[in-house]
2 protein chains.
Amino acid sequence: MAVELRTSQALKLLHDLALDQVRDSEPDLTQRQLAILLTVYLEVPPHTVRGLAAKLGVTKPVITRALDTMGKLGLVTRRRDETDRRNVIIQRTVRGSLFVERLGDLVAARARELPV
Amino acid sequence: MAVELRTSQALKLLHDLALDQVRDSEPDLTQRQLAILLTVYLEVPPHTVRGLAAKLGVTKPVITRALDTMGKLGLVTRRRDETDRRNVIIQRTVRGSLFVERLGDLVAARARELPV
DNA sequence: AGAGAATAATACGCGGGCGTAACGATCCCG
DNA sequence: CGGGATCGTTACGCCCGCGTATTATTCTCT
């Protein structure tokens with residue numbers, strides 16, 4: 001059975017989550033950075049710069065810069081593809097896994113708190 | 001009954017939504033701007049700069065700037081409070097209402113598409 | 001009426017993401 | 001083996017949001 005969520009519930013969920021994130025003042029990822037992060041952690045590897053750029057519909061420098069930033073935060077790592085050294089493989093990290101899982105838990109918890 | 005959402009479902013929902021937003025390349029609100037917008041549209045008026053700043057835990061210039069930006073986008077309007085002219089009342093707009101409702105519908109639709 | 005508090009806006013310099021254009025490294029294939 | 005294609009990165013100038021400090025306006029209270 002599908003997840004049932006009314007429009008009003010969806011908006012309240014978004015509101016709660018936005019407030020959470022604003023108040024916690026965490027690293028504060030861009031929407032693009034989040035899209036990249038979740039793609040890396042939810043979809044099957046391998047992930048390349050070019051592949052991510054195509055999937056998101058953005059240019060490659062956008063991906064490179066986002067990886068730079070998230071790399072500094074320890075959320076993601078880069079490795080050269082040895083079979084084709086032009087490619088770069090984006091890899092998950094322990095810290096990134098924790099970050100993503102914590103994010104999912106937060107959303108699920110907020111959803112559970114929604115009024116019926 | 002509460003909305004049931006597993007962590008994996010929550011993450012997929014976030015992923016889908018992030019991809020939607022990145023690909024549509026819409027106005028692209030900041031997390032803070034979204035928090036302000038949803039507060040204005042979901043909570044009971046009146047809303048002031050000071051009140052929003054306190055609610056989000058940010059400084060007043062953050063609110064002023066966000067209102068400037070969203071004002072240009074037509075999502076929100078400002079009006080002087082006539083009973084205390086120091087205050088500014090933030091008001092909803094037709095365009096903002098449509099934007100918010102469309103956002104809620106999108107989230108609800110994506111939630112409904114989630115695998116069981 | 002006047003001093004002080006409160007409100008929102010503005011000024012300033014900083015950091016970071018953006019798009020376009022260029023670059024170096026690596027591969028492919030005739 | 002060498003020219004062209006492919007991949008990721010870097011350079012450049014631009015814009016925008018940020019935090020702090022300051023300003024202008026309005027209210028409050030004696």
Side-chain angles (χ1 to χ4, degrees), chain A residues 18-19 21-40 45-92, chain B residues 18-19 21-40 45-92:
Chain A
L19 284 180
Q21 182 166 348
V22 167
R23 292 200 264 234
D24 284 22
S25 98
E26 302 181 5
D28 203 47
L29 299 184
T30 297
Q31 203 63 233
R32 289 176 170 196
Q33 292 168 348
L34 182 64
I36 294 169
L37 188 73
L38 291 178
T39 298
V40 168
H47 300 285
T48 64
V49 173
R50 175 165 183 75
L52 289 171
K55 181 163 207 51
L56 303 204
V58 298
T59 60
K60 288 186 290 177
V62 167
I63 306 295
T64 295
R65 282 187 294 247
L67 293 177
D68 287 345
T69 300
M70 292 193 291
K72 280 178 202 158
L73 296 174
L75 300 177
V76 109
T77 305
R78 274 179 278 202
R79 174 177 61 87
R80 210 86 218 180
D81 179 357
E82 291 304 332
T83 74
D84 182 345
R85 294 187 49 77
R86 288 174 304 179
N87 292 331
V88 162
I89 306 295
I90 291 91
Q91 292 182 297
R92 304 169 187 171
Chain B
L19 285 180
Q21 182 166 345
V22 168
R23 290 200 265 234
D24 283 23
S25 99
E26 303 181 3
D28 204 44
L29 298 185
T30 297
Q31 203 62 233
R32 290 176 169 197
Q33 292 168 347
L34 183 63
I36 294 170
L37 188 73
L38 291 178
T39 298
V40 169
H47 300 286
T48 64
V49 172
R50 175 164 182 74
L52 290 170
K55 180 163 206 56
L56 302 205
V58 299
T59 60
K60 288 187 288 180
V62 168
I63 305 295
T64 294
R65 282 186 296 248
L67 294 178
D68 287 344
T69 301
M70 292 192 291
K72 280 179 202 157
L73 296 174
L75 300 178
V76 110
T77 305
R78 272 180 279 201
R79 174 176 63 87
R80 211 84 217 180
D81 178 357
E82 291 304 332
T83 75
D84 183 344
R85 293 186 50 76
R86 288 174 303 180
N87 292 331
V88 162
I89 306 296
I90 292 92
Q91 292 182 297
R92 305 169 186 171

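Predicted model only: the values in this text are computed from it and were never measured. Residue numbers begin at 1 in each chain, while the letters A, B, ... track the order of the sequences.
- For the pair N87(B) and V49(B), the minimum side-chain heavy-atom distance is 4.5 Å or more.
- In this structure, R86(A) does not reach the dC7(D) phosphate: none of its side-chain N or O atoms is under 4.0 Å from OP1 or OP2.
- With a 6.0 Å radius and a threshold of 12 heavy atoms from other residues, nucleotides or ligands, R92(A) has its CZ atom above the threshold.
- Candidate nucleotides dC18(C), dA8(C), dC7(D) were compared by shortest atom distance to the side chain of V49(B), and dA8(C) ranks first.
- Contact detail for R85(A) and R80(A): the closest heavy-atom pair is O-NE, 2.9 Å.
- The CD1 atom of I89(B) sits 12 Å away from the C1' atom of dA8(C) (whole-angstrom rounding).
- OP1 or OP2 of dG17(C) lies within a sub-4.0 Å distance of a side-chain N or O belonging to T69(A).
- Checked by distance alone, R65(B) brings a side-chain donor or acceptor within 3.5 Å of a matching partner on the base of dG19(D).
- Smallest separation of non-hydrogen atoms from V62(A) and R32(A): CG2-NH1, 3.3 Å.
- Rounding to whole angstrom units, CG of residue L56(A) and P of dC18(C) are separated by 11 Å.
- Here R85(B) does not reach the OP1 or OP2 of dA6(C): none of its side-chain N or O atoms lies under 4.0 Å away.
- The side chain of D84(B) sits closest to dC27(D) out of dC18(C), dC27(D), dA8(C).
- Across dA8(C), dC18(D), dC7(D), the shortest atom-to-atom separation from the side chain of K60(A) is found for dC7(D).
- Close to dA9(C), at under 4.0 Å from its OP1 or OP2, lies a side-chain N or O of T64(B).
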Dot-bracket line, read 5' to 3' along DNA chain D, where crossing pairs take [ ] and | marks a partner on another strand, Watson-Crick or G-U under 3.5 Å: ||||||||||||||||||||||||||||||
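- Counting to the nearest Å, the C1' atom of dC16(D) and the CG atom of L29(B) are 13 Å from each other.
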Decide side chain to side chain contact (heavy atoms under 4.5 Å, CB included) for L52(B) and V40(B); before the verdict, give the C-alpha distance in whole Å, the side-chain angles of both, and the deciding distance to 0.1 Å. CA-CA 9 Å; L52(B) 290 170; V40(B) 169; 4.3 Å; yes
Yes or no on side chain to side chain contact (heavy atoms under 4.5 Å, CB included) for R78(A) and T64(A), after CA distance, side-chain angles and deciding distance? CA-CA 10 Å; R78(A) 274 179 278 202; T64(A) 295; 4.0 Å; yes
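- For R80(B) and dT26(D), the CZ to P distance is 7 Å, given to the nearest whole Å.
- Between the CG atom of D68(A) and the P atom of dC18(C) there is a distance of 12 Å, given to the nearest Å.
- Atom CG in D81(B) sits about 13 Å away from atom C1' in dA6(C), given to the nearest Å.
- The distance from atom CG of L67(B) to atom P of dT7(C) is 16 Å, rounded to the nearest whole Å.
- On a pure distance criterion of 3.5 Å, no polar donor-acceptor pair joins the side chain of R78(A) and the base of dG8(D).
- Here the closest non-hydrogen pair linking L34(B) and L29(B) is N-CB, 4.4 Å.
- The NE2-C1' distance, from H47(B) to dA8(C), rounds to 17 Å in whole Å.
- Pairing each heavy atom of L56(B) with each of R23(A), the nearest pair is O-CG, 3.5 Å.
- Contact annotation for Q33(A): backbone-only contact, meaning every heavy-atom pair under 4.0 Å involves sugar-phosphate atoms and none involves a base.
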